[in-house]
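Step one of this worksheet: look at the structure below.
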Amino acid sequence: METATWLPVAWYFVIGFGVMMYVLLDGFVLGLGILAPFAEDGDQLDHMMNTAAPIWDGNETWLVLGGTGLLAAFPRAYAILLSALYLPVLVMLVALIFRGVAFEFRFKARRGKRFWGGAFAAGSMVAAFAQGVILGALVEGMPLEEGKYLGGALDWFSPFSMLTGVAVVFGYALLGAGWLILKTEGRLQQVARTVTRPLVLVVVAFMGLVSTWLPFLDSQVMARWFEGGNFWWLAPVPLLALVNAFWLWRAAMREGRDARPFLLTLSFFVLGFAGLVVGIWPNIIPPSLSIWDASSPPSSQGFTLVGLAILLPIILGYTAWSYSVFRGKIQADAGYH
C-alpha cells in the first residue's frame, strides 16, 4: 500500500483509539457527577468522588490526544468540525473546566460544599450532554460542498442530536455505577447496584432508538452494513452488544464479582463505538468527506506519526501505572486531598 494511502488509515484508527479511551476513562468520572444527586449525604458524595480523585485529571489526556491528532492529520476535518460545532464544543470545554474546579474546590471548601457538589453534578451532566450532541451532529452528517461547510451556527441542533445527548448522559451514568460497584463496599455499593439495572434498560432502549433512526439520516452511516454481504460479517457486533447487556443485567446484583459490571459496561461502549466506526468508514465527516480528502500531506502525517509512536506508549504506561497504584477498594474514610 502506498504511503499516501495507509497513513490516513493509521491516523483514523489512532484518533478513534484516543476518543474511545477518553470516553471509557473520563466517562465514568462524568458518570460519578451525573450520579451525585443519588448520594444520600455529603459523606457518601465524598466517598464517590474519592474513588476517582487520584486519576480523574489524567483521563483528559486522551481528549487532548484526539483533538491534536485530528488537527495534525486531518486539518480540513478539524476546521469543519470547529466551524459547525463551536457552540457545543465551547459548552463542553467550559463544563469540563467547571467540573474540574468544582471537584477540587469541594474538598477544600469549609462552607459551600453543597454548592460545589451541585456544581460538580451540573458540570458533569452538561459536559456529557454536549459530547452526545457533538456525536449526534457528526453522525447525522454535515452540509458540505467541495470540502467546505455550508451550514449555519445552529445546524447541529436537531431531534437526533438531542436524543444522542441524553443517551450519552445515561451511558456515562451506567459507567459511573459500574465504577462504584468496583471501587466501593457497603451502602454506597448497594446504591450503585440498585441504579445499574434501570440504567441498563434505559441505555439499551436509547441504543435501539438511535439504531432505528440511523437508516433515515442523510449521512447514510448505516449503508455499509447492508452493502453486498457485509451484514453477515458485521451482524455479530449488535448481537454481542445484546448478549453483553444481558450479562450486565445479571452481573449488576451478583455479590462477589465486583469487577464484572464495570468491565461489561466498558465492553458495551466498545461494541457501540465499533459499530459507529464501521458505519462511518471511510468518511471522517459524513456524508462525503473521506479520510483521504481531509488528510494533511503525507510528510506531515509521517513526521507526527513518529512522534506519536514515542508518546503513545508513555501515555499508555502512565495510565496503566496510575490505575495499578490506586487499585482496590476505596474506603469511606479515605482521602486524597
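Keep in mind the model is a prediction, meaning the values are calculated, not measured.
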State, yes or no, whether a side-chain contact exists between W11 and I291 at a heavy-atom distance under 4.5 Å.
no
Tell me, please, whether W249 has R197 positioned over its six-membered ring: NZ or CZ under 6.0 Å from the ring centre and within 45 degrees of its axis?
yes
Is the side chain of S161 donor-acceptor paired with the backbone N or O of W156 at a distance under 3.5 Å, no angle test?
yes
Assess whether side chain to side chain donor-acceptor pair (under 3.5 Å) is satisfied between E185 and Q189, documenting all intermediate values.
CA-CA 5 Å; E185 296 175 316; Q189 187 189 69; over 6 Å; no
Is there a donor-acceptor pair closer than 3.5 Å between any side-chain N or O of Q190 and the backbone N or O of G186?
no
Mark yes or no for whether T265, through its side chain, and G178, through its backbone, hold a donor-acceptor pair below 3.5 Å.
no
Check whether any side-chain heavy atom of V126 lies under 4.5 Å from a side-chain heavy atom of F129, and answer yes or no.
no
To the closest 0.5 Å, what do you measure between CZ (R193) and CG (L180)?
11.0 Å
Quick check: are there more than 12 heavy atoms from other residues, nucleotides or ligands sitting under 6.0 Å from CZ of F105?
no
Side-chain heavy-atom pair W62, L24 within 4.5 angstrom cut-off:
no
State, yes or no, whether a side-chain contact exists between L25 and Y323 at a heavy-atom distance under 4.5 Å.
yes
Between W281 and Y12, does the ring centre distance come in under 6.0 Å?
yes
Distance only, no hydrogens: is a donor on one side chain within 3.5 Å (strictly under) of an acceptor on the other, for S267 and N244?
yes
I want to check something: taking the side chain as every heavy atom from C-beta on, are V210 and F160 in contact at a cut-off of under 4.5 Å?
yes
Across all chains, not counting sequence neighbours, the side-chain contact (heavy atoms from CB on, under 4.5 Å) partners of Y78 are L70, L71, L82
Pairs where residues 59-72 contributes a residue and the test salt bridge (Lys or Arg N to Asp or Glu O under 4.0 Å) is met, not counting sequence neighbours:
E60-R99
Should we count OH of Y22 as having more than 12 external heavy atoms under 6.0 Å?
yes
Can you measure from CG (N50) to CG (D43) and round to the nearest 0.5 angstrom?
10.5 Å
Derivation of the side-chain contact (heavy atoms from CB on, under 4.5 Å) call for L65 and L312:
CA-CA 9 Å; L65 176 66; L312 189 57; 4.0 Å; yes
With rounding to the nearest 0.5 angstrom, report the OG1 to CG distance, T184 to L188.
4.0 Å
Please confirm whether F28 and W179 have ring centers closer than 6.0 angstrom.
yes
Tell me, do W247 and R260 make a side-chain contact under 4.5 Å, heavy atoms counted?
no
Residue pairs passing the salt bridge (Lys or Arg N to Asp or Glu O under 4.0 Å) test with at least one member in residues 320-329, sequence neighbours excluded, are D258-K329
Between NZ on residue K113 and CZ on residue R106, distance to nearest 0.5 Å
4.5 Å
Under 4.5 Å between any side-chain heavy atoms of V168 and F206, yes or no?
no
Relative to each other, are the rings of F98 and W116 parallel, tilted or perpendicular (30° and 60° limits)?
tilted
Any chance you could lay out the side-chain contact (heavy atoms from CB on, under 4.5 Å) test for W292 and V9, step after step, and finish with the verdict?
CA-CA 8 Å; W292 295 282; V9 176; 3.9 Å; yes
Just wondering, do P287 and E140 contact through their side chains at under 4.5 Å, heavy atoms?
no
